[in-house]
Colleague: 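Questions regarding the structure given below will be posed in turn.
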Amino acid sequence: MDETVAEFFKRTILKIPMTEMMTILKAWGFLSENQLQTVNFRQRKESLVQDLVLLCEKKRASLNDAAILDIVCEDIDLFDMEQFKRSFKKILQRALKNVTISFRDAEENAVWIRIAWGSQYRKPNQYRPVYVVYYSQTPYAFTSSSQLRSNIPLLGQALTIASKHHQIMKMDLRSRYLDSLKAIVFKQYNQTFETHNSTTPLQERSLGLDINMDSRIIHENRIEKERVQRVTQETFGYYPQPRLEFAQYKLETKFKSDLNGGILAEREEPLRCLIKFSSPHLLEALKALAPAGIADAPLSPLLTCIPNKGMNYFKIRDK
């Protein structure tokens, strides 16, 4: 494959949104399912494009193959953003007489929506709007907090109908940082937040050991610190974490004891408690616990599963 064809492939793939990359490549059909599974779709887009171009080069892709990919990119983009806006606005205005809706197109096929809610007898409150960011052709929307919770079902209905999805996904995930929410939802945290790719062996990194210590103690400390470092990196990765400010756990459990009797043992209602972890950067704080010697490694899955599960509100009950 010559440089001209390779450049055409590169530019064509670069214009495909990350959220639609797999869909378009499968529709193209040039790369097999097994070949696509060898590609890391969570890396930075520039690296992903390079890997895909190399795959195409190995399969001796032609200019005609690149042209077909370009056609597929055009054909598969059936989502009409203007139609979405008209439909969304129409649904809300039919349900509420007093509501103000404004739109602003953003990057990556996203649209920002500003909604000032009113009521049958009150004009829209322009000082307390709700902001919504919707990414086209996905079942996800990100909303700011709203004091009028009674309007949330209507908002969800309008998004569902206008986007032509069966449902808009509801997730127990909250943060002030849109990029972090987006990275978690679309599984792109090592793409969006990656600033370096450490290749330095563990032995060469500073482990904070005192050179005046007994050599046997230093040896034991080094082995343990290397283990903690390795487990931490296997759990969290090398890249910076998405930014969340808290994680909340609601626990419901019944008192269990081998001893008979007692007030708690006779209690039919479960014991309830709320545990909340908070930090300006919670996931980075959790990542630092074991290396700092504050917690054992590995940490509990209840703490490390937050990005993978896409939630920071948990309800835990007895089985």
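All values reported here derive from a predicted model rather than from experimental measurement. In this chain, numbering begins with 1 at the start of the sequence shown.
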Colleague: Any link between Leu69 and Met22 through a network of hydrophobic side chains (Ile, Leu, Val, Met, Phe, Trp, Tyr) touching at under 4.5 Å?
Modeller: yes
Colleague: Please give me the minimum heavy-atom distance between Val130 and Ser145, naming the atom from each residue.
Modeller: CG2-O, 4.3 Å
Colleague: Does a sphere of radius 6.0 Å around CD in Glu3 hold more than 12 heavy atoms from other residues, nucleotides or ligands, not counting ones at 6.0 Å or beyond?
Modeller: no
Colleague: What's the shortest heavy-atom distance between Lys250 and Leu274, and which atoms?
Modeller: CG-CD1, 3.5 Å
Colleague: Would a hydrophobic clustering, with Ile, Leu, Val, Met, Phe, Trp and Tyr connected at side-chain separations under 4.5 Å, put Tyr131 with Ile152?
Modeller: no
Colleague: What pair of heavy atoms forms the shortest contact from Pro298 to Val231, and how long is it?
Modeller: CB-CG1, 3.6 Å
Colleague: For Ser279 and Glu245, test the side chains for any donor-to-acceptor distance below 3.5 angstrom and give the result as yes or no.
Modeller: no
Colleague: Could you check whether Glu33 pairs with Lys26 (Lys NZ or Arg NE/NH1/NH2 to Asp/Glu carboxylate O, under 4.0 Å)?
Modeller: yes
Colleague: Rounded to the nearest 0.5 Å, how far does CD1 of Ile113 lie from CZ of Arg104?
Modeller: 12.0 Å
Colleague: Taking the inter-plane angle between the rings of Phe142 and Tyr135 on a 0 to 90° scale, is it parallel (under 30°), tilted (30 to 60°) or perpendicular (over 60°)?
Modeller: perpendicular
Colleague: Run Gln233 and Phe236 through side-chain contact (heavy atoms from CB on, under 4.5 Å) and show every step you take.
Modeller: CA-CA 5 Å; Gln233 289 167 352; Phe236 291 95; over 6 Å; no
Colleague: Find the distance between CD (Glu234) and CD (Gln229) and round it off to the nearest 0.5 Å.
Modeller: 11.0 Å
Colleague: Give the intermediate values and the outcome of side-chain contact (heavy atoms from CB on, under 4.5 Å) for residues Ile71 and Trp28.
Modeller: CA-CA 9 Å; Ile71 293 171; Trp28 180 35; over 6 Å; no
Colleague: Counting distance only, does the side-chain N/O of Glu226 pair as donor-acceptor with the main-chain N or O of Ile223 below 3.5 Å?
Modeller: no
Colleague: side-chain contact (heavy atoms from CB on, under 4.5 Å), that's the test. Do Leu54 and Glu57 meet it? Break it down for me.
Modeller: CA-CA 5 Å; Leu54 287 175; Glu57 188 172 1; 3.9 Å; yes
Colleague: Could you see if Phe246 belongs to whatever hydrophobic cluster contains Leu289? Use Ile, Leu, Val, Met, Phe, Trp, Tyr and a side-chain cutoff under 4.5 Å.
Modeller: no
Colleague: Kindly say whether Leu159 contributes a backbone atom to a donor-acceptor pair with the side chain of Ser163 at under 3.5 angstrom?
Modeller: yes
Colleague: Among the clusters formed by ILVMFWY side chains lying less than 4.5 Å apart, do Ile91 and Ile168 turn up in the same one?
Modeller: no
Colleague: Please indicate whether Lys309 has more than 12 foreign heavy atoms, meaning atoms of other residues, nucleotides or ligands, lying under 6.0 Å from its NZ.
Modeller: no
Colleague: In this structure, are over 12 heavy atoms from other groups packed under 6.0 Å from Asp105 atom CG?
Modeller: yes
Colleague: Could you tell me whether the side chain of Ser87 and the main chain of Gln83 form a donor-acceptor pair under 3.5 Å?
Modeller: no
Colleague: How close do Ala110 and Met81 get, counting heavy atoms only, and between which atoms?
Modeller: C-CE, 4.4 Å
Colleague: Looking only at non-hydrogen atoms, find the nearest pair between Leu283 and Gln241 and report the distance.
Modeller: CB-CB, 3.5 Å
Colleague: With a 4.5 Å cut-off on side-chain heavy-atom distances among I, L, V, M, F, W and Y, is there a chain of contacts connecting Leu63 to Leu55?
Modeller: yes
Colleague: Treating Asp51 as the side-chain partner and Val39 as the backbone partner, does any N or O pair qualify as donor plus acceptor under 3.5 Å?
Modeller: no
Colleague: Should we say atom CD of Glu252 is surrounded by more than 12 heavy atoms from elsewhere, each under 6.0 Å from it?
Modeller: yes
Colleague: To the nearest 0.5 Å, what is the distance between CG on Asp172 and CD on Gln248?
Modeller: 10.0 Å
Colleague: Could you tell me which non-hydrogen atom of Ile306 sits nearest to which non-hydrogen atom of Leu302, and how far apart they are?
Modeller: CG1-O, 4.3 Å
Colleague: Quick test of your reading of the model: are Glu82 and Arg86 salt-bridged, counting only N-O distances below 4.0 Å?
Modeller: no
Colleague: Is a side-chain donor or acceptor of Lys45 paired with a backbone partner of Leu14 at a separation under 3.5 angstrom?
Modeller: yes
Colleague: For the pair Arg60 and Asp65, find out whether any cationic side-chain nitrogen is under 4.0 Å from an anionic carboxylate oxygen.
Modeller: no
Colleague: Does the plane of the ring in Phe84 sit parallel, tilted or perpendicular to the ring in Tyr134? Use 30° and 60° as the thresholds.
Modeller: parallel
Colleague: Taking the six-membered ring of Phe103 as reference, does the cationic atom of Arg114 (NZ for Lys, CZ for Arg) lie under 6.0 Å from its centre and within 45° of its axis?
Modeller: no
Colleague: So, taking the atom named CE in Met311 and the one named CE in Met171, what distance separates them when rounded to the nearest 0.5 Å?
Modeller: 8.5 Å
Colleague: Report yes or no: does Gln35 contribute a side-chain atom to a donor-acceptor pair with the main-chain N or O of Ser32 at less than 3.5 Å?
Modeller: yes
Colleague: Strictly distance-based, threshold 3.5 Å: is any side-chain N or O of Ser175 a donor or acceptor partner for the main-chain N or O of Arg243?
Modeller: yes
Colleague: Do Phe30 and Lys59 make a side-chain contact, defined as non-hydrogen atoms from C-beta onward lying under 4.5 Å apart?
Modeller: yes
Colleague: Going through the distances and angles, do Val228 and Glu224 end up as a side-chain contact (heavy atoms from CB on, under 4.5 Å)?
Modeller: CA-CA 6 Å; Val228 170; Glu224 175 59 16; 3.4 Å; yes
Colleague: Within a radius of less than 6.0 Å around CE of Met169, do more than 12 heavy atoms belonging to other residues, nucleotides or ligands occur?
Modeller: no
Colleague: Could you give the distance from CZ (Phe41) to CG (Leu52), rounded to the nearest 0.5 Å?
Modeller: 5.5 Å
Colleague: If you define the side chain from C-beta out and look only at heavy atoms, does anything of Val111 sit under 4.5 Å from Val133?
Modeller: no
Colleague: Do Phe88 and Ile115 have side-chain heavy atoms sitting under 4.5 Å apart?
Modeller: yes
Colleague: When you measure from the side chain of Asn125 to the backbone N and O of Trp117, does any donor-acceptor pair fall under 3.5 Å?
Modeller: no
Colleague: Is a side-chain donor or acceptor of Asp2 paired with a backbone partner of Val5 at a separation under 3.5 angstrom?
Modeller: yes
Colleague: With a 6.0 Å cut-off (strictly less than), is the heavy-atom count around NZ of Lys170, excluding the residue itself, greater than 12?
Modeller: no
Colleague: I'd like to check Gln43 versus Asn40 (side-chain heavy atoms, cut-off strictly below 4.5 Å). Are they in contact?
Modeller: yes
Colleague: Any side-chain donor-acceptor pair under 3.5 Å between Thr100 and Gln126?
Modeller: yes
Colleague: Does any part of the side chain of Leu173, heavy atoms only, come nearer than 4.5 Å to the side chain of Tyr313, both counted from C-beta?
Modeller: no
Colleague: Evaluate the side-chain proximity of Leu251 to Arg272: yes if any heavy-atom separation is below 4.5 Å, no if none is.
Modeller: no
Colleague: Can you measure from OG1 (Thr235) to CG (Leu286) and round to the nearest 0.5 angstrom?
Modeller: 11.0 Å
Colleague: Is there a side-chain contact between Ile184 and Pro242, using heavy atoms and a 4.5 Å cut-off?
Modeller: yes
Colleague: Mind checking whether Asn151 and Leu96 have side chains closer than 4.5 Å, heavy atoms only?
Modeller: yes
